[in-house]
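Following: one structure in structure tokens, then a few remarks.
Counting begins at 1 with the first residue of the sequence. The basis for the numbers below is simple: all heavy atoms, side chains too, and nothing from hydrogens, waters or symmetry mates.
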Amino acid sequence: MNSSTVKHDRSDKIAVELTPNEALALTGVEFNSNQDVKASARRKIRAAFEKTFDFKADER
């Protein structure tokens, strides 16, 4: 399914609260003892993005 943003402005910003470990994981640091750190950070960013922007499916 294709999707497109309804509103988008370069001045739009997304604020996400990450733990220090989550921020480090997104920079490439690997946490062998807890591999869920990076996934958790990505989930938080995805959720914030979805709340900020409106999406609709492309109709073809």
Side-chain angles (χ1 to χ4, degrees):
M1 170 172 53
N2 294 329
S3 64
S4 61
T5 58
V6 173
K7 78 169 196 171
H8 179 70
D9 185 2
R10 293 199 186 271
S11 64
D12 287 339
K13 295 183 181 181
I14 299 172
V16 179
E17 213 171 292
L18 300 173
T19 66
N21 285 348
E22 289 170 336
L24 282 172
L26 291 176
T27 66
V29 175
E30 294 193 22
F31 291 86
N32 294 327
S33 61
N34 187 358
Q35 296 181 2
D36 190 49
V37 175
K38 189 173 187 177
S40 173
R42 287 184 174 180
R43 279 192 298 271
K44 287 180 180 181
I45 291 172
R46 187 178 306 118
F49 190 86
E50 290 172 353
K51 288 179 185 176
T52 303
F53 297 99
D54 296 325
F55 290 93
K56 70 174 184 179
D58 285 339
E59 297 175 12
R60 293 185 181 198

Which residues share a side-chain contact (heavy atoms from CB on, under 4.5 Å) with Val16, sequence neighbours left out
Ile14, Leu18, Lys44, Ile45, Ala48
So do the side chains of Leu26 and Arg42 get within less than 4.5 Å of each other, counting heavy atoms only?
yes
Ser33: what forms a side-chain contact (heavy atoms from CB on, under 4.5 Å) with it, not counting sequence neighbours?
none
Any pair counted as salt bridge (Lys or Arg N to Asp or Glu O under 4.0 Å), so long as it reaches residues 26-37, sequence neighbours left out
Asp36-Arg43
Between atom CD of Glu22 and atom CZ of Phe31, what is the distance when rounded to the nearest 0.5 Å?
9.5 Å
